[in-house]
Peer 1: 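Please see the structure below; I have some questions.
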Amino acid sequence: MRADDLVVLLEVARTGNLSAAGTALGLTHSTVSRRLDALEAAVGAPVVSRTTRGCHLTELGRSLLPAAESVERAVTTARHALSADGDGEGELAGLVRVSAPEAFAAVYAAPALAALRRRHPRVTVELTAATRPIVHGSGADVEVGVGEPLSPRVRTVDLAPYELGLFAAPSYLDRAGRPRSQAELDDHALVYYVEGALRVSDLQLVDRLFAERAVQLGSTSVFAQLEAARAGAGIALLPTFLARRATGLEPVLPRKVRVELTFVAALASASVRRAPAVAALAAIRSEVQARAAELR
């Protein structure tokens, strides 16, 4: 039995299919398949059940995972010891999947992960924009979300608090009037998320701010909300770090309407010992901490 065949098995267990495992390891689909064949020949029984919908480990395959994780840790330790780059991370390689809310993904996660790749060119990153609660099993190694996760078993770390505020185009406010109190917001059009599609309870803020109003222009994309507000569609509830980067918007009731939430992050349980995933989370945390003033 070859030790590197166990690492292939471990990555197949994490990704659920041969192609994704190959991408993470820098191998072709056929090479991954051959490595599994060799492992099965060595142990004398199937370790993976292959279907058109993906791969699932057999009971024997699952029993080999602790040994596979030990091999991976040993390889990672050896790479760190041999590294000459001096950054404490060693040479990293493999696929890292990151999921984050759309605005955070664009403004904070993307630059952080770009910096990670400059240090470690053999790392491949897939960044998915998804405004949803943190739920293990999404397929991401690193998940960034807002507020508490759905399950109390998911362990998160706080990244940073951030604020949402009201913003509108001057042309809209000239036409509809500038509200002087929160009560006057009921006379204005609201631009925000599609209420029925919003899955994050901390972002369900319409009733709190607009007692008698529903969303007049809703979108699942915060960037679409931003552009709609810039085009004069109404008053938008936006992350301040995003609205302040845009031209053509002015704050509405900035001293009276301010919502503070918190970005949190979690490592998938299967990724806790994967050095590239740990490094990706560290890079995101570092980026956020360096630019924390922008979030408030």
Side-chain angles (χ1 to χ4, degrees), residues 96 98-117 125 127-135 140-150 154-169 182 185 190-193 198-206 208-209 219-230 235-267 277-296:
V96 179
V98 178
S99 172
E102 186 182 21
F104 184 95
V107 179
Y108 293 97
L113 296 171
L116 176 67
R117 285 215 68 258
V125 177
L127 176 57
T128 301
T131 303
R132 64 188 180 197
I134 289 180
V135 285
D141 298 294
V142 179
E143 292 184 79
V144 177
V146 177
E148 295 296 324
L150 287 180
V154 177
R155 298 180 62 182
T156 61
V157 294
D158 288 354
L159 294 178
Y162 76 104
E163 291 180 356
L164 292 90
L166 298 175
F167 295 86
Q182 188 169 334
L185 292 175
L190 173 61
V191 178
Y192 196 49
Y193 286 100
L198 188 56
R199 299 169 57 192
V200 180
S201 60
D202 288 49
L203 292 174
Q204 293 171 351
L205 300 166
V206 173
R208 171 176 162 185
L209 299 177
S219 174
T220 56
S221 166
V222 70
F223 286 103
Q225 297 167 30
L226 175 74
E227 292 303 321
R230 292 180 68 212
I235 297 175
L237 180 60
L238 296 167
T240 56
F241 70 84
L242 185 64
R244 287 171 181 164
R245 295 165 62 93
T247 59
L249 289 175
E250 69 175 66
V252 176
L253 300 175
R255 291 184 176 87
K256 297 179 179 179
V257 178
R258 186 176 63 183
V259 178
E260 184 174 291
L261 300 174
T262 302
F263 284 121
V264 300
L267 272 174
V278 174
L281 177 55
I284 291 170
R285 294 185 73 181
S286 178
E287 183 78 16
V288 170
Q289 290 168 2
R291 300 167 57 193
E294 300 174 15
L295 288 159
R296 307 186 68 176

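Just so it is clear, the model here is predicted, and its values are computed rather than measured.
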Peer 1: Can you tell me if E102 uses its side chain to pair, donor with acceptor, with the backbone of S221 under 3.5 Å?
Peer 2: no
Peer 1: So does G165 get a backbone contact from the side chain of T240, meaning a donor-acceptor N/O pair under 3.5 Å?
Peer 2: no
Peer 1: Find the distance between CG (L281) and CG (L113) and round it off to the nearest 0.5 Å.
Peer 2: 10.0 Å
Peer 1: Under the rule for side chain to side chain donor-acceptor pair (under 3.5 Å), what residues qualify as partners of R285, not counting sequence neighbours?
Peer 2: none
Peer 1: Which atoms form the tightest heavy-atom contact between S99 and A140, and what is the distance?
Peer 2: CB-CB, 3.9 Å
Peer 1: Would you give the length of the straight line joining atom OH of Y162 to atom OH of Y108, rounded to the nearest 0.5 angstrom?
Peer 2: 11.0 Å
Peer 1: Side-chain contact, heavy-atom cut-off 4.5 Å: V96 with L116?
Peer 2: no
Peer 1: Side chains of F104 and P239: does their closest heavy-atom pair fall under 4.5 Å?
Peer 2: no
Peer 1: Should L185 and I235 count as side-chain neighbours, where that means a heavy-atom distance under 4.5 Å?
Peer 2: yes
Peer 1: Run the side chain to side chain donor-acceptor pair (under 3.5 Å) test against E260 and tell me which residues pass, sequence neighbours left out.
Peer 2: R296
Peer 1: Can you name the nearest heavy-atom pair linking Y193 to V222, along with the distance?
Peer 2: OH-CB, 4.0 Å
Peer 1: Using side-chain heavy atoms (C-beta onward) and a distance below 4.5 Å, is F167 in contact with L226?
Peer 2: no
Peer 1: Please give me the minimum heavy-atom distance between A169 and L249, naming the atom from each residue.
Peer 2: N-CD2, 3.8 Å
Peer 1: As an exercise, state the distance from CG of L164 to CG of L238, rounded to the nearest 0.5 Å.
Peer 2: 7.5 Å
Peer 1: Quick check: closest heavy atoms across L267 and A277, and the distance to 0.1 Å?
Peer 2: CD2-O, 3.8 Å
Peer 1: So, R291 side chain and V107 main chain: donor-acceptor pair closer than 3.5 Å or not?
Peer 2: yes
Peer 1: Nearest 0.5 Å, please: how far is CG in L242 from CD in E294?
Peer 2: 11.5 Å
Peer 1: With rounding to the nearest 0.5 angstrom, report the CD to CG distance, E250 to L166.
Peer 2: 12.0 Å
Peer 1: Do K256 and Q182 touch side chain to side chain, with heavy atoms closer than 4.5 Å?
Peer 2: no
Peer 1: To the nearest 0.5 Å, what is the distance between CG on L159 and CG on L295?
Peer 2: 9.5 Å
Peer 1: Locate the shortest heavy-atom distance separating P111 from A106; write the atom from each residue and the value.
Peer 2: CD-O, 3.7 Å
Peer 1: What are the two closest heavy atoms between A246 and R230, and how far apart are they?
Peer 2: CB-CD, 4.3 Å
Peer 1: Can you name the salt bridge (Lys or Arg N to Asp or Glu O under 4.0 Å) partners of R245, sequence neighbours left out?
Peer 2: none
Peer 1: Counting distance only, does the side-chain N/O of E287 pair as donor-acceptor with the main-chain N or O of A109 below 3.5 Å?
Peer 2: no
